[in-house]
Amino acid sequence: MATLHERALELAPELIKFRHQLHMHPEIGLQLPQTQASVLAQLEALDGLEITLGARQSSIAVVLRGEKPATEAGPRPVVLLRGDMDALPVTEQTDLEFASTVPGAMHACGHDVHTAGLYGALRLLHERRHELASDVVFMFQPGEEAYDGARIMIEEGVLDAAGRRADAAFGLHVFSAEYANGVFHSRPGPLMAGCDEIFVTVQGSGGHGSTPHLTRDPVPVACEMVLAMQTVVTRHFNVFDPVVATVGRIAAGTQANIIPDSAVFDVTLRSFSPEHKELLLADLTRLFRGIGEAHGMTVDIEATPDYPVTVNDAGEQAYAAGVIAEVFGAEQFRQMPFPIPGSEDFSHVLREVPGAFIMLGACTGDDPATAPSNHSARADFDDSSVPRAAAALAELAFRRF
Ligand SMILES: [Zn+2]
């Protein structure tokens, strides 16, 4: 009998066709009605699935029950596999024949590959369900790109979709640059940064630029905060558990001779341990409020919903690395020396369920170092990553006893 990997390669033309269809019709955010309908249309031909649609977003949770008789008493393992489905507000600039048909929307982060790959895993496991010892939850998720769709799916019960809590969870992400095509990468422990975004308003009181003593000028105070922040980053944190704090936007006033009432700036924060994530946010909040108070000004600080640090469970990561090395060859899996400073909302799942997130190289060019990266309007993901992702995810569930 063909292995799951061999079968994935047989199904590749069909899976890739599905990926192209998704790529041509990208949707952004939490509501992806067309994408949801396309996935459901694919699932129609498969019997015995338990399908739950999201109430607050276009998510799909699918449960496939393994039919292999249990060898001993006790519940069957539940394995959760996740694929995100949303696109980005980017106008595609590739000349692919399946390029986006929607101006201002593009699958520039490869989530079309994830969706088709997860569907492929479902196909493969459905064909072999008589030999499947686990129950598998397939998490088709909208809104990964800063909409926190994973958290909504968790709130709507995806982790318990099989009737009990998942025992292990796995997800994949493709990369159009950086990694050689086809090679899997991961690491135990912190894999991707935790992220917070904070929006700071320094509230002074404006007036004429010639008479600052009659005002409370928020501009130098905001500047002081931005500079003092750098001292917190370098003086409060161990260099072996680093943090990043970047002000990406700062704004105040209208013209040179008017002191404005307020100044605003936006900060993105990255951290690689849950402890430092909390500490960084707390330290900066105290710093900004303290500087504001020193100058007699109030400071408003708003934070967006956070993305936790993506932390791979050491045991599950080793399991995944072992399965991938066995299926694809030892040289097809590389242990990453460092985490990456991007963020992922699969982190919410990994906070609740031990599991692993794995990177898959999908570069179409000769040189991953210079290829357009994820989120670029010219990002291009190799089609071969679709059956590869499908086989990897399927094997991670299939080999679970
Ligand atoms: Zn992504």
Report task. Please name all residues satisfying salt bridge (charged side-chain N to carboxylate O under 4.0 Å, His left out) with Glu10, sequence neighbours left out, ordered by chain then number. Result -> Arg7
Set of residues satisfying ring pair (Phe, Tyr, Trp, His ring centres under 6.0 Å) with respect to [X], sequence neighbours excluded:
| X | value |
| --- | --- |
| His25 | none |
| Phe18 | Tyr119 |
| Phe398 | none |
| Tyr179 | Phe175, His185 |

Applying ring pair (Phe, Tyr, Trp, His ring centres under 6.0 Å), which residue pairs with at least one partner in [range] are found, sequence neighbours left out?
| range | value |
| --- | --- |
| residues 242-267 | Phe265-Phe288 |
| residues 144-171 | Phe170-Tyr319 |
| residues 74-114 | His20-Phe98, His23-Phe98, His111-His114, His111-His173, His114-His173 |
| residues 227-252 | Phe237-His276 |

**Report entry** Which residues share a side chain to side chain contact (heavy atoms under 4.5 Å, CB included) with Arg249, sequence neighbours left out
**Finding:** Ala251, Val264, Asp266
**Report entry** Steps toward ring pair (Phe, Tyr, Trp, His ring centres under 6.0 Å) verdict (Phe357, Phe346)
**Finding:** CA-CA 8 Å; Phe357 197 60; Phe346 190 62; 5.4 Å; yes
Report summary line: So the side-chain hydrogen bond (donor to acceptor under 3.5 Å, both in side chains) pairs with at least one residue in residues 392-401 (sequence neighbours excluded) are Glu316-Arg400, Glu326-Arg399, Glu395-Arg399
Query raised in the report: Can you name the side chain to side chain donor-acceptor pair (under 3.5 Å) partners of Ser271, sequence neighbours left out?
Result: none
